[in-house]
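In what follows, chains are A, B, ... by sequence order, proteins preceding strands, each numbered from 1. Not measured: the values here are computed from a predicted model.
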Protein chains: 2
Amino acid sequence: MIFEKLKNINDPNIANLLSDFQKIMKQNTYSKKEILHEEGAICNHLYLIQKGVARSFYYKDGKDITAHFAVENGTITAIDSFIQRKKSRYNIELLEDSEVISISHQDMHTLLEEKPHYEKYVRLFLEQIYIDLAERIEDLLFHSAKERYDKLVKHTPNLLQRVSLKHISSYIGITQETLSRIRTQA
Amino acid sequence: MIFEKLKNINDPNIANLLSDFQKIMKQNTYSKKEILHEEGAICNHLYLIQKGVARSFYYKDGKDITAHFAVENGTITAIDSFIQRKKSRYNIELLEDSEVISISHQDMHTLLEEKPHYEKYVRLFLEQIYIDLAERIEDLLFHSAKERYDKLVKHTPNLLQRVSLKHISSYIGITQETLSRIRTQA
DNA sequence: TACCTTTTTTGACAATTGTCAAAAAAATTT
DNA sequence: AAATTTTTTTGACAATTGTCAAAAAAGGTA
């Protein structure tokens with residue numbers, strides 16, 4: 001299942017959906033450090049990571065802050081820009097040599113116009129990522145830095161091995177130094 | 001426009017949507033402190049506040065934490081439970097005597113099955129609340145307690161006058177005492 | 001291997017926010 | 001209006017996290 005977020009859906013039509021979406025998917029390979037999207041531009045693509053790791057990030061007071069990671073089967077985009085069609089504050093870069101599928105906003109829009117019965121799946125996709133985001137808020141509000149780190153270790157241990165700690169630390173909302181201290185005293 | 005989140009949509013069909021949704025809406029009046037939804041139950045309704053204020057909240061280490069406020073024209077539900085059909089950690093209560101419209105999950109599901117072209121609007125609604133949530137994450141991560149409070153004062157000053165500071169403080173992720181100190185030294 | 005760059009850790013200290021207890025102020029009820 | 005309850009503020013102190021600077025470790029390259 002290309003769209004990991006829809007993997008639990010039991011629906012005979014899903015095969016058609018996949019085949020139609022496949023028509024608007026374009027695959028590319030990128031090398032480490034390549035940029036998929038740069039801040040200031042409107043983000044016109046939804047990216048599916050087939051192989052590799054990507055992160056979205058932005059600058060706050062000159063500091064580089066990671067907003068989201070995507071590994072194999074994950075999706076990434078500058079979601080506010082993609083949805084609202086406005087300039088993005090986010091950048092998206094690859095952290096490993098990667099294979100990435102991209103779907104253009106225009107193609108997706110056209111597909112949804114032509115086959116509005118696919119709206120349902122976009123809705124389901126949004127529901128899933130909404131839940132993910134809501135959990136992240138709870139996490140930030142009500143767990144300590146250490147708890148957030150432990151959760152990450154437990155939930156996505158492989159990410160820790162593939163991504164530098166400075167990105168991890170900003171992702172969980174703390175400084176690199178604090179994360180380092182958390183790790184040693186654990 | 002009943003659905004504030006869809007107010008910017010320019011679409012001739014929106015009138016039909018409204019009329020169909022109106023058929024599944026039920027209006028009730030509630031008095032202050034009444035509970036719309038209690039934790040442990042699956043949340044079966046989406047609530048639209050016509051008049052009054054509601055908040056969703058839950059308990060973390062015995063402390064009452066506000067997750068969301070809804071004033072006139074706003075929507076509120078235990079969104080994770082409503083979407084995933086699982087038990088909710090949230091409660092929803094009214095903070096003033098209120099008039100509330102409720103839409104049952106079942107009725108909405110049925111309506112979407114019958115008229116799948118309405119899926120698009122649900123998708124647009126979800127996009128909007130996703131953006132709101134994403135902004136909230138940025139706010140929590142990258143603004144100080146004082147900045148978060150000032151933003152609230154600027155953005156929703158009337159809320160401050162209608163809701164007690166203990167709810168405001170937990171909403172912006174700080175203690176009541178810290179909020180009190182922020183307010184005096186401002 | 002040696003060199004250079006990037007990442008991670010450590011130290012010292014400062015700033016922010018939390019905790020607990022109590023007082024003051026405001027709102028609600030009798 | 002008085003009494004009661006709830007909300008807000010204040011004080012003293014502790015805990016957490018951040019900042020800045022530097023050292024150590026790890027990774028990549030010539």
Handout entry: Ring centers of B/His105, B/Phe82 separated by less than 6.0 Å
Key = yes

Handout entry: First-last contacting nucleotides on DNA chain C - partner chain B, under 4.0 angstrom, heavy atom
Key = C/dT17 to C/dT28

Fill in the blank from the handout: Whichever of A/Glu177 and B/Glu177 has the more 5' nearest nucleotide on DNA chain C, that residue is A/Glu177

Handout entry: Residue pairs involving residues 26-54 of chain A (criterion salt bridge (Lys or Arg N to Asp or Glu O under 4.0 Å); sequence neighbours excluded)
Key = none

Problem - Of B/Lys32 and A/Ser180, the one whose closest DNA chain C nucleotide lies more 5' - result: A/Ser180

Problem - Beyond-backbone contact of A/Phe69 with A/Leu95, side-chain heavy atoms, under 4.5 angstrom - result: yes

Handout entry: Sequence-distant partners of A/Lys151, salt bridge (Lys or Arg N to Asp or Glu O under 4.0 Å), two or more places apart
Key = A/Asp139

Completion exercise
By nearest-nucleotide position on DNA chain D, the 5'-leaning member of B/Ser164 and A/Thr175 is B/Ser164

Exercise for the section: Scan side-chain atoms only and decide if B/Thr110 and B/Glu114 contain a donor-acceptor pair under the 3.5 Å cut-off. Expected result: no

